[in-house]
Amino acid sequence: MKKSLIALAVLAASGAAMAQSSVTLYGIADLAVVKEKGESATMASGGVSGSRWGLKGSEDLGGGLKANFTFEQGVDLTSGAASGFNRQAWVGLSGGFGEVKLGKTWNAYDDIVGATSPLFDSSYLTTNNFAQSYALEAGNPNKGVYYATPSFGGVSGAVSTTFKEGDDNARVNAFHVKYEGGPVFVGFAYEQQKSDLGDLKLSRLQGSYDLGAAKLLASYGQVKDLSKDYTLGVDVPLSAALTLSAGLTQTKIDGTDLKPGTVGVAVNYSLSKRTSVYTGFNKDNKDAGDGNRFALGLKHTF
């Protein structure tokens, strides 16, 4: 009888320990058919969101402290090719103090940069194609250290840096501060890419306001001594399943008369909570090559 009770106690304790830890498999499968002006139609992986799969886990250490990790690998659905955990690979701690991540993780600038992008922040339809403050960012550098604060009345922030890497001692520092409350979102982010070859400094201000019938989107970006850009957009829910998004981006290249820009429109239809189809079109102005592109895609999350 005593042995049976001991066995039950051991099993119960084991079950409790297992309940304090979790590992989740997740991912996105996103594929689009893309047609650009003057080129043949092609198939592209990650029309709206980069296709990926990953593992993330958390262990409750007690006292509100948790140990966390994420391994995330990009996948090319057109070929099945994948290369390491090239998107994220980090371990960290979280609790009442906020969260710390160590390894390859998205930096504090990247947390803000796509927050209010129209056309669902699509890599093929986005109106931000010619905004250098998007194109030149170092989104998920190697050897990163990242800290995010808890939210204080809707206000939160994050800072990140990296260890020096390569022959030119490259290093990426970034921070952001944001406010999220009710229908309002405002965020400011800054990134500095330092190396022996010189510095690159990027800043971005993002904002949105949800009116219910429509969500207004705006952002302003700058790359010091290179360019300035702005983006305006709107998301309109036409039904519970259908959303229309439209926007424009204009960039001014410093020291020139060039003002590359693009305007576009897209729609997304949700077949379920995890699966949607989307399509859209955007057009570039003369300084951006006077081209256009069309995309039709399918996205599934798991």
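This one's a predicted model, so the numbers in the text were calculated from it and none came from an experiment. Computed from heavy atoms alone, side chains included, the values below leave out hydrogens, waters and symmetry copies.
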Taking the side chain from Arg274 and the backbone from Thr301, do they hold a donor-acceptor pair closer than 3.5 Å? yes
Closest non-hydrogen atom pair between Thr162 and Arg171, with its separation: O-NE, 2.8 Å
Side-chain ion pair, Asp287 and Lys259, N-O less than 4.0 Å: no
When every non-hydrogen atom of Ser270 is compared with those of Ser276, the smallest separation belongs to CA-CB, 4.0 Å
Rounded distance [0.5 Å steps], CD in Glu191 versus OG in Ser133: 10.5 Å
Would you mind checking if Asp110 and Arg204 are paired as a salt bridge, meaning a charged N to carboxylate O distance below 4.0 Å? no
Does the side chain of Tyr26 reach to within under 4.5 Å of the side chain of Thr70, using non-hydrogen atoms? yes
Return the orientation label for the Phe302 and His300 ring planes: parallel under 30°, perpendicular over 60°, tilted otherwise. parallel
Side chain to side chain donor-acceptor pair (under 3.5 Å) for Gln206 and Thr116? Distances and angles first, verdict last. CA-CA 6 Å; Gln206 306 270 124; Thr116 62; 2.7 Å; yes
Give me the atom names and distance for the closest heavy-atom approach of Gln250 to Pro260. NE2-O, 3.7 Å
Distance flag, aromatic centroids of Phe281 and Phe294, threshold under 6.0 Å: no
Under the 3.5 angstrom rule, does the side chain of Thr256 hit a backbone N or O of Ile253 as a donor-acceptor pair? yes
Same cluster (ILVMFWY, side-chain, under 4.5 Å), Val155 and Phe188: yes
Spell out, yes or no, whether Val186 and Leu211 are grouped together once hydrophobic residues are joined by side-chain heavy atoms under 4.5 Å, including indirect joins. yes
When hydrophobic residues are tied together by side-chain contacts of less than 4.5 Å, even through go-betweens, does Ile28 share a cluster with Leu271? no
Do Phe71 and Phe69 make the cut of ring centroids closer than 6.0 angstrom? yes
Heavy-atom side-chain proximity of Thr42 to Val33 below 4.5 angstrom: no
Scan Thr262, Asn282, Asp284, Thr231 and name whichever one has a side chain to side chain donor-acceptor pair (under 3.5 Å) with Thr249. Thr231
Quick check with a 6.0 Å cut-off and a 45 degree axis cone: is Lys104 positioned over the face of Phe85's six-membered ring? no
Gap between atom CH2 of Trp106 and atom OG of Ser160 - 0.5 Å precision: 12.5 Å
Is there a side-chain contact between Ile112 and Lys178 (heavy atoms, below 4.5 Å)? yes
Could you tell me whether a side-chain N or O of Asn107 sits under 3.5 Å from a main-chain N or O of Ala138, the two making a donor and an acceptor? yes
Does the side chain of Thr161 come within less than 4.5 Å of Asn173's, by heavy atoms? yes
Do Tyr134 and Leu226 share a hydrophobic cluster, counting only Ile, Leu, Val, Met, Phe, Trp and Tyr and linking them when any side-chain heavy atoms are less than 4.5 Å apart? yes
Ring geometry between Phe97 and Tyr147 (parallel below 30°, tilted from 30 to 60°, perpendicular above 60°): parallel
Lys215 to Ser208 - nearest heavy-atom pair and separation: CE-OG, 3.7 Å
Of all heavy-atom pairs between Tyr179 and Gly153, which one has the smallest distance, and what is that distance? CE1-O, 3.5 Å
Side chains of Ser245 and Val267: does their closest heavy-atom pair fall under 4.5 Å? no
Just wondering, do Asp30 and Ser45 contact through their side chains at under 4.5 Å, heavy atoms? no
A side-chain contact here means heavy atoms from C-beta on lying under 4.5 Å apart; do Tyr220 and Lys228 qualify? yes
Is a side-chain N or O of Gln73 found less than 3.5 angstrom from the main chain of Gly84, in a donor-acceptor match? yes
Validation row: Val91, Asn68 side chains within 4.5 angstrom (heavy atoms): no
Verify same cluster id: Leu242, Leu244 (apolar side-chain graph, 4.5 Å): yes
